Number of protein chains: 2
Amino acid sequence: MTTFRGVNSLAEENYLKALFNLAGESGVVNVNELSRHLNIKMPTVTSMMKKLSAKNLVHYESYKPLKLTEEGEKRAAAIIRKHRLTEMFLVEKMGFGWEQVHDIAEQIEHIQSPLFFEKMDELLGFPKFDPHGSPIPDKDGKINWKEFHKLSDCKPGEEVILGAVINNSSEFLQFLNSRDLRLGLSISILSVESFDKTMVVHYENHPAETLSHTVCERLLVDKQ
Amino acid sequence: MTTFRGVNSLAEENYLKALFNLAGESGVVNVNELSRHLNIKMPTVTSMMKKLSAKNLVHYESYKPLKLTEEGEKRAAAIIRKHRLTEMFLVEKMGFGWEQVHDIAEQIEHIQSPLFFEKMDELLGFPKFDPHGSPIPDKDGKINWKEFHKLSDCKPGEEVILGAVINNSSEFLQFLNSRDLRLGLSISILSVESFDKTMVVHYENHPAETLSHTVCERLLVDKQ
DNA sequence: AATATTTGTTAGATATATCTAACTTTATAA
DNA sequence: TTATAAAGTTAGATATATCTAACAAATATT
Ligand SMILES: [Mn+2]
Ligand SMILES: [Mn+2]
Ligand SMILES: [Mn+2]
Ligand SMILES: [Mn+2]
């Protein structure tokens, strides 16, 4: 029994996803960046890029930055859709904490079964965001980008809503848990230390919580 | 990022599972049988058996039948446990039909996350059987074999309970659906055609349903 | 018992995905 | 503007999992 894979191998899927996630405004990614992100040596990345280029999923030219083709972008978005739906399902329907779901979703995102993910989507009521506030691409790969600000860019006196977190590492999320910080929370900025940009904020029954710049940079908020 | 696999590769896991599933009373399996079942050529099977033998998961000697070691049996049972828990979860918690779940479970059984399957087990209330009536191995790999009889071995006048199905193919299960045949059903045997062993049975609001020997051989029943 | 068939093994090829070492191109700093 | 560093490529090796062709052993048939 040849284990059924879709059109792309598991390795290919992970490259596509990484290209999508690393692409900023410009939509381009360097070989080096990709190499570091995937923890795969540059020559290996180069050869995979040639392969994906032959499949018309990546625009590749020697020494130039990498860019997904339209089709490549679609495939990548489909995988990210599966990842984020899975995370939502694990949290909402299976009782996992937001700090536990990424590693499982990293595997389940490769399952080949449109029906499986449609069922998830349906049971979840067609969610638009994952448990970390990241948007879930729709079936056509379109993403509904919300205009968030970094908490670190806000000023004292502002009142904001925590909408998303940038770093999804278990450690970071556990830190947030320990301070009762979760999505949807209304936060007031009391003061900012000009020396190291540390913030003192108030929310719920935390009258004065001190958050480092490193943390504030990773919290995305809505200025309502 | 090296996709995390446990101690065994995906290919190895599929061989272990096949060895477990094909092992009858004696617990042994031939290279040829395994080859046919997995749809992989015999030389490939031989070389994998040498590899698994080196890892002490299979007893392998040239020209002798194959047998899982105690450790190999444990690993296989763990995968089958994940397969069957998954099938149960898909049916009970996600609303799939019993004819839809096998192919999805075939993929999810390879997910590496003890917590994920423990959660499933818990949410399901620690089930002992999967949606097709097959026993779910416990965490130590022990299987609670139930003493079923083939419906085809029963006699007219007997009243039995449908406990399990042998063939899990989507086609067979859809056939059963079309006749309202499902686990737990009480069936009375009305007559058996001696020529071709076709049975006429009665159950629920089906006063006289005719079932071929091929079908009856694949239905396991409890004589209560 | 001799022959034919089936089963299993060996040897060698292929595809995928990775690596290291050596070299080239591009970017940065003196 | 040359020298140095960083980024990227090429070439060749390795590991896994598969295949086909050829041969050998075990089993079944005459
Ligand atoms: Mn994630
Ligand atoms: Mn992944
Ligand atoms: Mn199954
Ligand atoms: Mn499988």
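Predicted model only: the values in this text are computed from it and were never measured. Below, chain A is the first sequence line, B the second, and so on; all start at residue 1.
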Quickly work out the Met48(B) CE to dT9(C) P distance and round it to whole Å.
15 Å
Salt bridge (Lys or Arg N to Asp or Glu O under 4.0 Å) partners for Lys74(A), two or more places apart
none
Just the rounded figure in Å: distance from P of dT7(C) to NZ of Lys64(B).
19 Å
Identify each donor-acceptor pair in which a side-chain atom of residues 134-155 of chain A lies under 3.5 Å from a protein atom, sequence neighbours left out, and give them as a table.
{"from": "Asp138(A)", "atom 1": "OD1", "to": "Asp140(A)", "atom 2": "N", "distance (Å)": "2.8"}
{"from": "Asp138(A)", "atom 1": "OD1", "to": "Gly141(A)", "atom 2": "N", "distance (Å)": "3.1"}
{"from": "Asp138(A)", "atom 1": "OD1", "to": "Lys142(A)", "atom 2": "N", "distance (Å)": "3.0"}

To the nearest angstrom, the CG-C1' distance between Asn30(B) and dA26(D) comes to 12 Å
Whole angstrom value for the distance that separates P of dT10(D) from OH of Tyr60(A):
6 Å
If the condition is salt bridge (Lys or Arg N to Asp or Glu O under 4.0 Å), which residues does Glu122(A) pass it with, not counting sequence neighbours?
none
Could you run down the sub-3.5 Å N/O contacts of the protein with nucleotides 19-24 of chain C?
{"from": "dC19(C)", "atom 1": "OP2", "to": "Lys41(A)", "atom 2": "N", "distance (Å)": "3.0"}
{"from": "dC19(C)", "atom 1": "OP2", "to": "Thr44(A)", "atom 2": "OG1", "distance (Å)": "2.9"}

Does Lys50(B) reach a base, just sugar-phosphate, or nothing at all? Heavy atoms under 4.0 Å.
sugar-phosphate
Does Ser9(B) place a side-chain N or O at less than 4.0 Å from the phosphate oxygens OP1/OP2 of dT16(D)?
no
For the pair made of CG in Asn8(A) and C1' in dT16(C), what is the distance, rounded to whole Å?
14 Å
At less than 4.0 Å, is any side-chain N or O atom of Tyr15(B) found next to OP1 or OP2 of dT16(D)? Yes or no.
no
Taking atom P of dT25(C) as reference, at what distance in whole Å does atom CD of Glu61(A) sit?
16 Å
Looking at Glu12(B) and Lys55(B), is there a salt bridge between them, counting it only when a charged N and a carboxylate O are closer than 4.0 Å?
yes
Could you state the atom-to-atom distance from CG of Asn32(A) to P of dT26(C) in whole Å?
16 Å
Please give, in whole Å, the distance from dT18(C) P to Glu12(A) CD?
10 Å
Residues forming a ring-ring contact (aromatic ring centres under 6.0 Å, His included) with His132(B), sequence neighbours excluded
none
Does Arg81(B) pair with Glu109(B) as a salt bridge, N-O distance under 4.0 Å?
no
Partners passing salt bridge (Lys or Arg N to Asp or Glu O under 4.0 Å) against Glu13(A) (at least two apart in sequence or in another chain)
Arg5(A)
